[in-house]
Amino acid sequence: MDAITLWQRYQDWLYYHEEIGLYLDISRIRFDQAFLEAMKPKFDGAFRDMEALEGGAIANPDEQRMVGHYWLRNPELAPTPQIKQQIIDTVNKIETFVAKVHKGEIKPPQAEKFTDLLSIGIGGSALGPQFVADALAPDYPLINIHFIDNSDPDGIDRILQRLGDRLKSTLILVISKSGGTPEPRNGMMEVKQALLNQNLHFRDQAIATTQIGSKLYQEATSQGWLETFPMEDWIGGRTSEMSAVGLLPAALQGIDIHALLQGAKTMDIATRQPDIKTNPAALLALSWYAVGGGRGQKDMVILPYKDRLILLSRYLQQLVMESLGKEKDLEGNIVNQGISVYGNKGSTDQHAYVQQLRDGVPNFFATFIEVLRDRQKPSPEIEPGVTAGDYLSGFLQGTREALYDNQRDSITVTITEVNPYTVGALVALYERAVSLYASLVNINAYHQPGVEAGKKAAAQVLELQHQGLQVLRGHSQGISISDLAAKIDAQEQVETLYKILRHLAANDRGVELSGDPSKPAQLIAKWR
Ligand SMILES: O=P(O)(O)OC[C@H]1O[C@](O)(CO)[C@@H](O)[C@@H]1O
C-alpha cells in the first residue's frame with residue numbers, strides 16, 4: 001500500500017475515545033473487508049457471550065463460577081443486591097483502613113506510623129499491583145511498596161535487607177485468593193521469622209486479602225491480624241486489579257483508586273458496544289485474530305514508549321497467556337490455543353531485540369503504546385527545537401514504519417498521559433479484548449488447568465525429597481542415587497531424585513555427594 005492509501009486506512013480505522021483521550025490504530029494490521037465480513041457472525045456470538053457474562057452467567061464452566069470483574073467498577077451491574085453491596089462495602093473498608101493507616105491511627109507497636117508496605121503474593125495477586133505501583137506511585141509515596149512474589153530465598157533476603165530497620169514500621173499484606181498457594185505462604189513464613197528475629201510479631205503488622213474461609217483467612221482471623229479484605233469467588237486472579245487485590249495497595253500508596261475505577265468503567269461502556277468498528281476491545285481482538293489466524297501464530301510484542309509502563313507487558317503476559325493458552329476448546333477438542341506475549345519498553349528495546357523484529361523471523365506483531373505528554377513540566381531542548389521526547393516519539397514512529405515496510409504488522413494504542421484514569425482504562429481495554437478473543441476461538445478464558453498440573457508436580461518432588469531423605473538418614477554408608485531411588489520405589493524418578501540431592505548438597509542441608517559431577521549416575525550420596 002502506498003503512503004496515501006495507508007493514511008486513508010489510518011483514518012478509516014482510527015478509534016478515538018474523547019473522554020479517556022485514547023486512540024487505537026489498527027491500520028497497520030493487514031486484513032481486508034472480506035475478513036471483516038467473515039468475522040461478523042463470530043463477533044455477534046462473542047458480544048452475546050459478554051452480555052451473558054456481565055449478567056452473571058456461569059462463564060467459567062469448569063469451576064462453575066461467575067466472572068464478575070466488570071461489576072467491580074460499576075456495582076450497579078452486579079447480578080444480585082448482595083454482590084453489589086459486597087463491592088461497595090469492600091471499597092469503603094479499604095478507604096477507612098487506609099485513612100487510619102495514613103493518620104497513624106492504625107500503627108505498628110514500635111513506630112509512629114507505617115512507612116512501608118510489603119506485599120506478598122504471586123501471579124494475579126502481584127502483577128497488577130506491581131504494574132500500577134510502577135506506573136502511578138508518586139515519587140514520594142505515603143507508603144513505599146515492596147514485593148515478595150516468589151519462593152526465592154535470595155529474593156526474599158534482598159527485600160528484607162532493603163527494609164532493614166524499617167521492618168518494624170512495615171505493613172505486611174498477604175494476597176492470595178485461594179489462601180493456599182505455596183509461594184506466598186513461604187514468603188509469609190520467612191517474613192514471620194524475620195520479624196521474630198527483631199522481637200516483632202507478625203499479627204501486629206499483618207493484613208490479608210483472600211477469600212473468606214480460606215486457610216489464610218482462618219489464620220488471619222484466628223491470630224488477630226490487623227484486618228482482612230475479601231476477594232470474591234467470582235474474581236479471577238488475573239482480572240483482580242480493581243478488587244481489593246489492586247485497590248488496597250494502590251490506596252495505601254496514595255494512588256487515586258476512584259480514578260482507576262472510573263477509567264475502567266468508562267472503558268467498559270465503550271467496549272460493551274456490540275459493533276466491531278466502534279468498540280476498541282473488539283478492534284484489538286479482531287487484529288489478534290487477523291494476524292494469528294485465530295491460532296496465535298504470531299506473538300504479541302508489547303512496546304510502551306514510556307518507562308513507567310514497563311511492567312505492562314508482564315501484566316498483560318499473564319492476562320493474555322493464562323487466559324488464552326488452553327489445550328482444549330469449550331467442546332473438549334484439542335486446540336492448543338494461545339498468544340505469546342512479551343515486551344519491555346521503547347526506545348530501549350530498539351537497541352536489543354528490535355533488530356530481530358525488523359529483519360529476523362516474522363513470528364510476531366507489535367503493539368506500540370504511545371503517551372502523548374512527555375512530562376509534567378516543560379522540556380529542555382537537546383538540540384535547537386528538539387527535545388528528548390521528540391526523539392522518543394520519532395523512534396516510535398520510525399520503528400512502526402520500518403516494521404510495516406518489512407511486512408511486520410502493528411497496533412498502536414495512544415493515550416494522552418499516564419494517570420490512574422488512563423491506566424484503569426488500559427486494564428479494562430485488555431480485559432475485554434481477551435474475553436472477546438476467547439469467545440472468538442471458543443475457549444474458557446477463566447480457568448488455568450495447566451498451572452494446576454505444575455503445582456501437583458512440584459508437590460510430588462517435595463514428597464520424593466522427604467522419602468529420599470528418610471532413607472538416606474537411616475543409611476550409615478554412602479549409597480548410589482539409583483539404589484536410593486530403588487529403596488523408595490522411585491526408579492522412574494531417579495533424575496528428579498538426583499536433582500533434589502544436588503540442591504540439598506549445594507545448600508549444606510546434610511547431604512554429601514561424592515564422585516564426578518559430570519557423571520551423575522556414579523555419584524554416591526551420604527548423610528552427614
Ligand atoms: O491468589 P492465589 O490463589 O494465591 O493465586 C495466585 C495465582 O496462581 C494462579 O492461580 C495460577 O498461577 C493464578 O491464576 C493466580 O493469579
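Scope of the values below: all heavy atoms of this structure, side chains included, with no hydrogens, waters or symmetry mates. Just follow the structure's listing: the first ligand is 1, and inside any ligand the first atom is 1.
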Geometric class of the Phe202/Trp225 ring pair [parallel <30°, tilted 30-60°, perpendicular >60°]: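 Rings of Trp225 and Phe202: perpendicular, as their planes differ by over 60°.
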Plane angle bin for Tyr446 and His69 - parallel if under 30°, tilted between 30 and 60°, otherwise perpendicular: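 Plane angle between 30° and 60°, so tilted.
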Heavy atom of the protein closest to atom 8 (O) of ligand 1 (residue, atom name, distance):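 Looking only at protein heavy atoms, the one closest to atom 8 (O) of ligand 1 is Lys455 NZ, 4.2 Å.
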Taking atom 11 (C) of ligand 1 as the reference point, the nearest protein heavy atom with its distance: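 For this ligand atom, the closest protein heavy atom is Val451 CG1, 3.2 Å.
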What atoms in ligand 1 come closer than 4.0 Å to a heavy atom of [X]?
{"X": "Gly123", "result": "16 (O)"}
{"X": "Ile122", "result": "6 (C), 7 (C)"}
{"X": "Thr181", "result": "2 (P), 3 (O), 4 (O), 5 (O)"}
{"X": "Gly237", "result": "16 (O)"}
{"X": "Gly124", "result": "15 (C), 16 (O)"}
{"X": "Ser125", "result": "1 (O)"}
{"X": "Ser176", "result": "1 (O), 2 (P), 3 (O), 4 (O)"}

Gln318 touching ligand 1 at heavy-atom level, < 4.0 angstrom: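 Flag set, Gln318 near ligand 1.
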Reported CD1-to-CZ distance for the pair Ile269 and Arg73, which is rounded to 0.5 angstrom: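 Here the interatomic distance stands at 11.0 Å.
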Partner of His146 under side-chain contact (heavy atoms from CB on, under 4.5 Å), chosen from Thr170, Leu117, Leu163: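 Exactly one option meets the side-chain contact (heavy atoms from CB on, under 4.5 Å) with His146, and it is Leu163.
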[X] atom [atom1]: more than 12 heavy-atom contacts under 6.0 Å:
{"X": "Gln218", "atom1": "CD", "answer": "yes"}
{"X": "Lys455", "atom1": "NZ", "answer": "yes"}
{"X": "Lys192", "atom1": "NZ", "answer": "yes"}

Gln448, Glu322, Arg185: member with heavy atom nearest to atom 13 (C) of ligand 1: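 Looking at heavy atoms only, Glu322 sits closest to atom 13 (C) of ligand 1.
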Centroid-centroid distance, Phe97 to Phe229, less than 6.0 Å: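 When the ring centroids of Phe97 and Phe229 are compared, they turn out to be within the sub-6.0 Å range.
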Closest non-hydrogen atom pair, Tyr437 against Arg295: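 Heavy atoms only, the tightest pair is OH-N, 4.0 Å.
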Close N or O approach (Ser178, ligand 1; < 3.5 Å):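 Yes, Ser178 has an N/O under 3.5 Å of an N/O on ligand 1.
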Side chain, backbone, both or neither: the part of Met231 lying under 4.0 Å from ligand 1 by heavy atom: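 It is neither part, as no heavy atom is under 4.0 Å.
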